[in-house]
J.: 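I have a structure I would like to understand better, so I am pasting it below and will then ask my questions one at a time.
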Amino acid sequence: IGRRYVPSVLRESPLSLSGDIDDVRIYNRALSSAEVTELYELGKPQQSTSTFEIVEGNFTWEQAKANAEARGGRLAVLNTQDRIDAANTFLGSAGSWPSLWIGITDAANEGDWRWTTGEALSVSSWNDGEPNNSGNEDYALIHDSNHPNRFSWNDALSGGRGYLLE
């Protein structure tokens with residue numbers, strides 16, 4: 001247990017496999033289909049109810065993007081109504097939150113809002129009158145929980161705030 005074992009035949013193979021043994025179960029009989037299913041379910045990783053996390057801080061949009069990537073994630077990409085709804089549900093369950101950067105910008109081409117994936121904006125949750133580019137606002141945020149339209153988006157300058165990580 002906890003040791004790495006790679007048979008010599010696999011070490012020499014171009015398709016070699018390696019890994020750690022986490023758990024070994026030995027049975028002196030054949031398992032029923034129900035037992036195999038039960039073991040499979042026990043070994044499956046727990047599914048997260050959310051892929052989102054609030055990261056509080058004082059990040060510019062660019063710093064938030066870099067920080068999210070350094071954590072192995074990205075600024076939230078809310079490119080479908082289902083993803084918008086999931087983010088809103090997550091935030092609603094958090095109770096309160098500050099304004100948070102999300103992964104969309106029009107910095108490269110004014111008015112051409114693009115997700116950090118490069119995908120064009122096709123569905124949105126802009127607050128009334130937004131985006132308005134007041135003062136050359138190139139980055140989007142989700143309003144804080146105290147805002148009257150708390151799940152709506154606003155374009156903003158790249159000032160310091162937290163972000164929604166996924």
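Being a predicted model, the structure only gives us computed values, none of them experimental.
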J.: Are L121 and L164 connected, step by step, through hydrophobic side chains (Ile, Leu, Val, Met, Phe, Trp, Tyr) whose heavy atoms are closer than 4.5 Å?
T.: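 Per the 4.5 Å side-chain linkage, L121 and L164 are co-clustered.
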J.: Rounded to the nearest 0.5 Å, what separates atom CD1 in I142 from atom CD1 in I102?
T.: 5.0 Å
J.: With sequence neighbours excluded, what pairs up with D112 under the salt bridge (charged side-chain N to carboxylate O under 4.0 Å, His left out) test?
T.: R114
J.: Roughly how far, to the nearest 0.5 Å, is the OG atom of S124 from the CG atom of L78?
T.: 10.5 Å
J.: Checking N136 now: which residues fulfil side-chain contact (heavy atoms from CB on, under 4.5 Å) with it, not counting sequence neighbours?
T.: E110, N133, D138
J.: Using side-chain hydrogen bond (donor to acceptor under 3.5 Å, both in side chains) as the criterion, list what pairs up with N88, not counting sequence neighbours.
T.: none
J.: Check step by step if ring-ring contact (aromatic ring centres under 6.0 Å, His included) holds for W153 and W113.
T.: CA-CA 13 Å; W153 305 350; W113 288 91; 8.9 Å; no
J.: Testing the basics here: between T105 and A107, what is the closest heavy-atom pair and its distance to 0.1 Å?
T.: OG1-N, 2.9 Å
J.: Is it the case that the side chains of N67 and R71 hold a donor-acceptor pair, with the cut-off being a distance below 3.5 Å and no angle test?
T.: yes
J.: Looking at side-chain heavy atoms only, is the closest gap between E137 and P131 below 4.5 Å?
T.: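 No, side chains not in contact.
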J.: I'd like to know if the side chain of S145 and the backbone of W97 have a donor-acceptor N/O pair within less than 3.5 Å.
T.: yes
J.: With rounding to the nearest 0.5 angstrom, report the CG to OG distance, D155 to S134.
T.: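 One finds 8.0 Å between CG of D155 and OG of S134.
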J.: What residues form a salt bridge (charged side-chain N to carboxylate O under 4.0 Å, His left out) with E35, not counting sequence neighbours?
T.: R29
J.: Rounded at 0.5 Å granularity, tell me how far CD in E130 sits from CG in N154.
T.: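 E130 atom CD to N154 atom CG measures 4.0 Å (nearest 0.5 Å).
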J.: Is it the case that more than 12 heavy atoms not belonging to E56 sit under 6.0 Å from its CD atom?
T.: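 Result for CD/E56: open.
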J.: Between atom CG of L165 and atom OG1 of T51, what is the distance when rounded to the nearest 0.5 Å?
T.: 9.0 Å
J.: Within this structure, what is the CG-OG1 distance for the pair L75 and T116, rounded to the nearest 0.5 Å?
T.: 6.0 Å
J.: Testing the basics here: between G92 and F151, what is the closest heavy-atom pair and its distance to 0.1 Å?
T.: N-CE2, 4.0 Å
J.: Show the nearest heavy-atom pair for residues F59 and G162, with the distance to one decimal.
T.: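 Nearest pair, atom of F59 first, then G162: CD1-CA, 4.3 Å.
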J.: Do S152 and H147 have side chains that approach each other closer than 4.5 Å (heavy atoms only, starting at C-beta)?
T.: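 Counting from C-beta outward, S152 and H147 do come under 4.5 Å.
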J.: Per the side-chain contact (heavy atoms from CB on, under 4.5 Å) rule, which among I54, L141, V55 passes with Y163?
T.: V55
J.: Can you name the side-chain hydrogen bond (donor to acceptor under 3.5 Å, both in side chains) partners of D106, sequence neighbours left out?
T.: none
J.: If the condition is salt bridge (charged side-chain N to carboxylate O under 4.0 Å, His left out), which residues does E166 pass it with, not counting sequence neighbours?
T.: R74, R83
J.: Any heavy-atom pair between the side chains of L157 and W61 that's under 4.5 Å?
T.: no
J.: Name the orientation class of the two ring planes belonging to F90 and F52 (parallel below 30°, tilted from 30 to 60°, perpendicular beyond 60°).
T.: tilted
J.: Please examine the side chains of P98 and L100, heavy atoms only from C-beta on, and report whether any two atoms are closer than 4.5 Å.
T.: yes
